[in-house]
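Structure, as structure tokens:
One is the number of the first residue; the rest follow in order along the sequence.
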Amino acid sequence: MDPAIFAVLARKRAGAPLDDDAIRRVVRGAAAAPDEPDHWGDAELAAFLTSSAIHGLGSAEMHALTEAMLHSGTTWRLAEAVPGVVDKHSTGGVGDKVSLVLSPLLAACGVPVVMLTGRGLGHTGGTADKLEAIPGLRLETDRAGCLATLAQSGLHMGIASDAIAPADKRLYALRDRIAAIDSLPLIVASILSKKLAAGAAAQVFDVKVGRGAFLESLDDARRLAQLLVDISTDLGCPATGRITNMDQPLGRWSGHASEVLESLACLRGDPDASAAASDLMEVTFVLCEAVAAQVGAAVTRAQLEDAIASGAAYQRFVDWAKARDADAAWLDAPEALPLAPIERVITAPRAGRVASIDTRRLGELLIALGGGRHLPGAPLDHGVAIAREARLGETVEKDQPLLRVHLRAADDARVAAFADCVTLVDVDAALPDLRPTIVETVEASA
């Protein structure tokens with residue numbers, strides 16, 4: 001092994017801080033091609049990630065890692081070409097489809113939006129994975145393609161070209177393989193390197209907390225949200241944050257095709273879909289208002305609701321999909337995304353109240369059915385899905401539906417595992433305090 005690499009790894013393994021030069025050496029190693037002298041192998045990078053996850057990174061290390069990763073490739077500086085363009089990032093959860101609703105909704109209100117989306121990580125589904133349920137859709141893009149799509153639809157959601165933060169692509173994939181997905185410093189650097197390289201004028205962070213989030217602890221969620229907001233702001237992109245509830249799936253549906261369908265129904269203003277996904281719409285509205293304010297756009301709840309009622313928000317989604325080469329047949333019938341054909345309904349074994357939902361386990365079961373990846377690049381089944389039919393705290397009768405599962409093949413054992421994810425208590429039993437949908441607001445430190 002190169003003695004310089006060994007020295008960096010030995011220092012971090014011992015829990016000692018790395019200086020900026022050492023951090024830049026790691027990032028160069030992640031971004032370099034295998035035939036280049038600066039290249040680091042997976043073993044060396046995994047050792048760095050493991051030590052960082054165990055010992056943490058100090059504030060200076062996080063700044064240095066974020067900045068080095070965002071400059072490991074090209075930077076787009078989109079706000080120079082599209083003033084007031086905003087971005088949004090969620091830390092992910094089960095059924096989290098906010099991006100699919102927020103982007104066209106803000107664009108319909110005159111606020112341009114760009115999101116470089118990612119793949120699923122751990123038990124959560126990535127926005128890119130959901131969007132790939134749309135036939136023919138082209139997500140990969142470069143700066144010119146991003147600007148062209150923004151000009152046509154007012155929004156862009158897609159996968160960045162390999163030139164954006166290439167170091168993060170390797171580190172992100174390795175984190176999933178070595179159980180380092182919940183390391184706060186590594187999460188911060190990964191998220192911000194891509195976001196800041198895109199170069200929006202401002203951004204909002206949706207940090208999930210609860211049983212279906214990467215971070216179940218509110219203290220951890222607060223720390224992550226504050227780090228994201230502060231480092232983004234320090235590095236030139238004003239930001240705000242909201243901590244939101246992930247104790248149960250967000251909206252009614254979880255699963256790639258089903259989430260696209262639910263998002264489109266909400267954008268059309270379908271009253272049944274909007275009622276079933278009232279938590280999804282509340283998070284979306286709050287984030288829209290928050291990020292618009294960061295660029296001086298006073299977008300109100302009434303304007304957002306009008307954009308849905310008028311059909312303008314739905315049309316923005318269609319315009320975007322058309323600009324990204326979605327199949328013409330699908331554009332004529334966007335609701336035509338089939339779910340897996342075998343439906344099983346999990347019903348309440350007795351009358352009671354829904355006391356808890358093991359949301360993380362629901363996400364893991366979706367992966368087991370093919371709706372997620374254990375390894376990068378593995379195929380996905382976009383049609384497997386779960387519908388949440390009862391909310392936390394709701395009173396249900398015996399045999400009332402709790403969950404509805406769409407799967408590709410009959411599997412009684414897995415269906416039974418879904419049933420175990422919902423806990424009922426007696427109707428008159430006391431319930432623990434339920435978190436509100438919007439838990440806290442996080443602003444940049446003074």
Side-chain angles (χ1 to χ4, degrees), residues 86-106 113-131 155-160 168 172 181-182 184 186-196 198 200 202-216 218 220-229 232 237 239-251 253-254 256 259-260 262-263 266 277 279-292 294 359-360 363 372 435 437-442:
V86 301
D87 196 355
K88 168 260 175 192
H89 181 82
S90 169
T91 55
V94 180
D96 179 13
K97 59 198 75 74
V98 170
S99 295
L100 279 63
V101 184
L102 177 146
S103 301
L105 186 52
L106 270 180
V113 185
V114 62
M115 290 188 208
L116 298 182
T117 64
R119 304 288 182 189
L121 187 63
H123 67 284
T124 69
T127 299
D129 296 327
K130 304 178 202 302
L131 290 172
L155 67 122
H156 178 75
M157 294 181 283
I159 300 170
D168 179 63
Y172 184 90
I181 58 175
D182 57 354
L184 264 61
L186 298 177
I187 292 171
V188 169
S190 176
I191 292 170
L192 290 181
S193 62
K194 295 186 290 286
K195 295 297 180 182
L196 297 174
Q203 55 190 328
V204 62
F205 295 104
D206 176 12
V207 176
K208 304 296 187 187
V209 66
R211 296 196 69 174
F214 282 126
L215 304 175
E216 292 195 33
L218 181 55
D220 285 344
R222 284 174 177 145
R223 181 171 175 239
L224 175 58
Q226 198 68 62
L227 286 169
L228 289 169
V229 169
S232 177
C237 183
T240 185
R242 299 296 182 273
I243 299 174
T244 65
N245 187 344
M246 188 41 71
D247 282 325
Q248 60 186 331
L250 190 62
W253 287 96
S254 302
H256 302 307
E259 292 184 47
V260 173
E262 183 173 33
S263 299
C266 289
D279 53 350
L280 165 67
M281 297 310 296
E282 177 64 18
V283 172
T284 301
F285 287 148
V286 166
L287 296 178
C288 283
E289 293 167 325
V291 74
Q294 291 286 302
T359 309
R360 176 181 289 262
R435 290 189 228 263
T437 301
I438 310 297
V439 180
E440 287 184 7
T441 295
V442 178

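Between Ala200 and Val114 the shortest heavy-atom distance is CB-CG1, 4.4 Å. Of all non-hydrogen atoms in Glu262 and Trp253, the two that sit nearest each other are OE1-N, 3.1 Å. Contact between Val229 and Ala239 at its shortest, heavy atoms only, is CG1-O, 3.4 Å. Leu102 and Leu287 make their closest contact through CD1-CB, 3.6 Å (heavy atoms, listed as atom of the first residue, atom of the second, distance). Contact record, Cys237 with Leu196: CB-CD2, 3.5 Å, taken as the closest heavy-atom pair. The two residues Gln203 and Ser232 come nearest to each other via the heavy atoms NE2-OG, 2.8 Å.
For the residue pair Lys88 / Ser99, a side-chain donor-acceptor distance below 3.5 Å is found, with atom types taken as modelled. Checking Asp206 against Thr244 by side-chain atom types alone, a donor-acceptor pair falls below 3.5 Å.
A 4.5 Å side-chain heavy-atom check between Val442 and Arg222 finds every atom pair outside the cut-off. Contact annotation: the side chain of Leu155 never approaches that of Leu106 to less than 4.5 Å [non-hydrogen atoms, C-beta and beyond]. Side-chain contact between Leu224 and Val188: present, with at least one pair of heavy atoms (C-beta onward) separated by less than 4.5 Å. The side-chain heavy atoms of Ser90 and Val98, taken from C-beta on, include no pair separated by under 4.5 Å. When side chains are defined from C-beta on, Gln294 does not count as touching Val86, because their heavy atoms never get closer than 4.5 Å. Side-chain contact between Leu192 and Phe205 is present, with at least one heavy-atom pair separated by less than 4.5 Å. Taking the side chain as every heavy atom from C-beta outward, Leu218 and Glu440 approach each other to under 4.5 Å. Between Arg242 and Val286 the shortest side-chain heavy-atom distance falls below 4.5 Å.
For Ser190 (side chain) and Leu186 (main-chain N/O), no donor-acceptor pair under 3.5 Å exists by modelled atom type.
Rounding to the nearest 0.5 angstrom, the gap separating the CE atom in Met157 from the CG atom in Leu116 is 12.0 Å. Atom OG1 of residue Thr117 and atom NE2 of residue His156 lie 8.0 Å apart, to the nearest 0.5 angstrom. For the atom pair CD1 (Ile243) and CZ (Arg435), the distance works out to 9.5 Å, reported to the nearest 0.5 Å. Considering CE of Met115 and NE2 of His89, their distance stands at 10.5 Å, rounded to 0.5 Å. Rounding to the nearest 0.5 Å places NZ of Lys194 at 11.5 Å from CD1 of Ile159. Rounding to the nearest 0.5 angstrom, the gap separating the CG atom in Leu250 from the CD atom in Glu282 is 11.0 Å.
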**Report entry** Worked check of side-chain contact (heavy atoms from CB on, under 4.5 Å) between Asp279 and Asn245
**Finding:** CA-CA 9 Å; Asp279 53 350; Asn245 187 344; over 6 Å; no
Walk me through it: do Met246 and Thr359 pass the test side-chain contact (heavy atoms from CB on, under 4.5 Å)? CA-CA 8 Å; Met246 188 41 71; Thr359 309; 4.3 Å; yes
For the pair Val283 and Ile438, evaluate side-chain contact (heavy atoms from CB on, under 4.5 Å) and give the outcome as yes or no after the intermediate values. CA-CA 7 Å; Val283 172; Ile438 310 297; 4.0 Å; yes
* Asked: Could you go step by step and tell me if Val207 and Leu228 meet the side-chain contact (heavy atoms from CB on, under 4.5 Å) rule?
  -> CA-CA 9 Å; Val207 176; Leu228 289 169; 4.1 Å; yes
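When each of Val209, Thr91, Leu184 is checked for a side-chain contact (heavy atoms from CB on, under 4.5 Å) with Leu215, only Leu184 meets the rule.
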